[in-house]
Amino acid sequence: MYSTWKSAFVTFIQRFLAPFHTTGRWIFYAAVVGIIAGIGGITFQVIEQQVFHYALELGAGYSPKEADGENRLFAHVEREFSPGMLLLVLAAGGLVSGWLVYTFAPEAEGHGTDAAIEAFHFKRGYIRPIVPLIKLLASAITIGTGGSGGREGPIAQIGAGFGSYWGTLLNLPARDRRILLAVGMSAGIGAVFRAPLAGALFAAEIMYSESDLESDVIVPAAVASTISYSIFSYWLPPEIRFVPLFGTGLQHHVTSLMELIPMSVLAIVLVGVAAIYIKTFYGIHKAFKKLPVPRLLRPVLGALLAGVLGLGLYYYFGQDMRALGILGTGYGVLQETLRSPEKVGVGLLVCVALGKILTTSLTIGSGGSGGVFGPSMVIGGCTGAAFGQFVHQLNPALVPQPAIYAIVGMAGFFAGAANAPISTIVMVSELTGDYGLLVPTMWVSIICFILCRRWTLYEKQLPTRLDSPAHRGDLLVDVLEGLQVSDVPLVQRQTLPEKTNLREILRTVAESRQHYFPVVDGQGAFVGIFSTDDVRAYLFNETIWELANARDVMTTQVVSVTPSDDLNTALKRFTDLNLDELPVLNPEDRTQLLGMLRRRDVIRRYNQTLHHLQQEARDEPVESENTTPS
């Protein structure tokens, strides 16, 4: 029944799209992904808030502040805070999330974005259809019960999963399915963070650790991200429908270019914190992998340890609820930091930043489900605000507005940790609605990106498109089209006059290791070619050895190339007729044979060029190579 419905649906879609050009089809594909991603974002937040309200608010009496632009579905409830119940809720959330993930979809473990990147590069863009559903439920439960995680990883994997399924359903080639996977990531990010432009750039940039982009993704991703953003925003109450996630009124500007000096120092601090974050995250992840306990219980242990750490800070700061910002999303603390960092204080800001590193590593590194972008915003924002406050106290004239450093810190930290400067700069501007800090944000983000190249939050990132299996075919064509036949040394072959009889031809073939024999006329003009296979049919018919000659054996329908042809054209001609050599002719005089082009020399030239490109991409010295064929 299902297969019949599926076949009928695919046939209907194919007939519907038949009159459209390629661009029209991609707009349709992207629009469908955008619609589902928008609905998925709404579903995710509804489930998360349901879990949060009944488990944390009513169960543990813990109701932290959220970002100003957040849509709260339930009114605030005053309940006495219960530390014991908080730990119980965290443990229960870890248990249910772990059971869902390890029972139904182990790919949904962790922060999600890495799994989508891996599917793009190494799995032909394929994600099992059940993964988005399990990721949605597991992440909503993890974050809703107070686990330290962000929403970008879950929604990115949810969108990517549907994009992959959509491409598989329509029997699209692997290249198109990969693009739809990335489009789904962008659409999810654009919806949940209400940042359509950053969403469109995010998936194109996050695939690689170097300064490279998936350019084919950007246009369809922009379509999908715009649609998902519109659907998600329409679901919001009118008063916050067009409000950035962290509210309005965050309008700042730099009063002096001298402020770029302390911001450069901030960039170095952010790089150090990012390195600590990444090493801690993956160190704890590896430690949990080695624990001699059932993997189902690891998220429980991670959640409990995160809860204990949060409660430790809570009591250390005199039962200040802001210290518990190291649990959950932490957006409430970040929101207050963006508006009035001086009210939070340097000590609490530093502890929240470092505590968030540990709780995120414990929650997600133990097998919980959540993203790393949201925690990165909190860590970077609190680090930047603490630095700004500290320098302001030393020299108020040098840092007149400490709040600026929170916004710049958000961007710089994730730009370095994720190797994604462009989308992060746009993302932070859209999250805060503050576009007056583009220059310092760009400056700090680029410094962090350059200095953080040794580390990355996303282990499945590859350096460049040159390294991705997704682009091996594209790369072959790109490299070959950039080379000409004249770039490959030609081989000179023995030619035979057209009147050479068959007996002499057989003797020459027997004495030579040559496989192809060009034929020339009395003036030396090239008139045809034959191979040893062409004369094999005459071996046992001696009666015509004196009668037949080279003109009778050769073919005049010669497949040839010229020195100005690119090597991709040459390779196609090699493969079309399964030839090993091609005659190279003078384009101004097609009867002049310049030499023979061998297929193995073309492949050797391609490999040498690719080797040079890969070494240049890694800034390694390239030794000169001898290109003379053997």
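Along the sequence shown, residues are numbered consecutively beginning with 1. Keep in mind it's a predicted model, so treat the numbers as computed, not measured.
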With a cut-off of 3.5 Å and sequence neighbours excluded, list every side-chain donor-acceptor pair involving residues 265-283.
{"unit_1": "Thr280", "atom_1": "OG1", "unit_2": "Ile276", "atom_2": "O", "d": "2.6"}
{"unit_1": "Tyr282", "atom_1": "OH", "unit_2": "Leu457", "atom_2": "O", "d": "2.3"}

With a 3.5 Å cut-off and sequence neighbours excluded, list the donor-acceptor pairs that the side chains of residues 373-390 form with protein atoms.
{"unit_1": "Ser376", "atom_1": "OG", "unit_2": "Val372", "atom_2": "O", "d": "2.6"}
{"unit_1": "Thr383", "atom_1": "OG1", "unit_2": "Ile379", "atom_2": "O", "d": "2.7"}

In residues 187-195, what donor-acceptor pairs under 3.5 Å come from side-chain atoms, sequence neighbours left out?
{"unit_1": "Arg194", "atom_1": "NH1", "unit_2": "Gly69", "atom_2": "O", "d": "3.0"}
{"unit_1": "Arg194", "atom_1": "NH1", "unit_2": "Ile240", "atom_2": "O", "d": "3.3"}
{"unit_1": "Arg194", "atom_1": "NH1", "unit_2": "Val243", "atom_2": "O", "d": "3.0"}
{"unit_1": "Arg194", "atom_1": "NH2", "unit_2": "Gly69", "atom_2": "O", "d": "2.4"}

Which pairs would a plain distance check flag for residues 417-429, meaning a side-chain donor or acceptor within less than 3.5 Å of a matching protein atom at least two apart in sequence or in another chain?
{"unit_1": "Asn419", "atom_1": "ND2", "unit_2": "Trp455", "atom_2": "O", "d": "3.4"}
{"unit_1": "Asn419", "atom_1": "ND2", "unit_2": "Thr456", "atom_2": "OG1", "d": "3.4"}
{"unit_1": "Ser423", "atom_1": "OG", "unit_2": "Glu205", "atom_2": "OE1", "d": "2.7"}
{"unit_1": "Thr424", "atom_1": "OG1", "unit_2": "Ala420", "atom_2": "O", "d": "2.5"}
{"unit_1": "Ser429", "atom_1": "OG", "unit_2": "Ile425", "atom_2": "O", "d": "3.0"}

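Here the side chain of Ser366 pairs a donor or acceptor atom with the backbone of Thr363 at under 3.5 angstrom. Side-chain atoms of Ser139 never come within 3.5 Å of backbone atoms of Leu136 as a donor-acceptor pair (strictly under, hydrogens ignored). Remark: side-chain polar atoms of Ser225 are paired, donor with acceptor, to backbone N or O of Pro196 under 3.5 angstrom. A donor-acceptor pair under 3.5 Å is absent between the side-chain atoms of Gln157 and the main chain of Thr113, judged by distance alone. Remark: side-chain polar atoms of Ser164 are paired, donor with acceptor, to backbone N or O of Ile127 under 3.5 angstrom. No donor-acceptor distance shorter than 3.5 angstrom exists from the side chain of Arg298 to the backbone of Gly367, with no hydrogens or angles considered. The backbone N or O of Arg465 sits less than 3.5 Å from a side-chain atom of Asp212, completing a donor-acceptor pair.
By the side-chain contact (heavy atoms from CB on, under 4.5 Å) test, His53 pairs with Glu57, Leu58, Phe74, Val77, sequence neighbours left out. Ser82 pairs by the side-chain contact (heavy atoms from CB on, under 4.5 Å) definition with Met85, not counting sequence neighbours. Residues passing the side-chain contact (heavy atoms from CB on, under 4.5 Å) test with Ala138 are Ser97, Val101, Ser369, sequence neighbours excluded. Residues satisfying the side-chain contact (heavy atoms from CB on, under 4.5 Å) criterion with Pro440, sequence neighbours excluded, are Val254, Leu260, Met263, Val408, Leu437.
A ring pair (Phe, Tyr, Trp, His ring centres under 6.0 Å) check over residues 315-343, counting only residues at least two apart or in different chains, returns the pairs Phe246-Tyr331. Among residue pairs with one or both ends in residues 58-67, none qualify as salt bridge (charged side-chain N to carboxylate O under 4.0 Å, His left out); sequence neighbours excluded. Contacts classified as salt bridge (charged side-chain N to carboxylate O under 4.0 Å, His left out) and involving residues 391-410 (residues at least two apart or in different chains) are not found. Among residue pairs with one or both ends in residues 340-366, none qualify as salt bridge (charged side-chain N to carboxylate O under 4.0 Å, His left out); sequence neighbours excluded.
One finds a salt bridge joining Arg151 and Glu48 here, because a Lys/Arg side-chain nitrogen approaches an Asp/Glu carboxylate oxygen to under 4.0 Å. A salt bridge between Glu459 and Lys286 is absent, with no side-chain N of the basic residue lying under 4.0 Å from a carboxylate O of the acidic one. Taking a cutoff of 4.0 Å between a charged side-chain nitrogen and a carboxylate oxygen, Glu109 and Arg295 do not qualify as a salt bridge.
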Take Phe122 and Ser468 through the test side-chain contact (heavy atoms from CB on, under 4.5 Å) and record every step on the way to the result. CA-CA 8 Å; Phe122 302 106; Ser468 174; over 6 Å; no
Could you walk me through whether Glu118 and Lys123 pass the side-chain contact (heavy atoms from CB on, under 4.5 Å) check? CA-CA 7 Å; Glu118 181 181 28; Lys123 298 182 179 179; 4.1 Å; yes
Could you walk me through whether Cys351 and Arg322 pass side-chain contact (heavy atoms from CB on, under 4.5 Å), step by step? CA-CA 11 Å; Cys351 287; Arg322 293 176 299 183; over 6 Å; no
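Counting heavy atoms from C-beta on, the side chains of Val346 and Gln393 come closer than 4.5 Å. Residues Cys448 and Trp443 form no side-chain contact, since every pair of their non-hydrogen atoms from C-beta on lies 4.5 Å or further apart. By the 4.5 Å heavy-atom criterion applied to side chains, Glu210 and Leu462 are not counted as neighbours.
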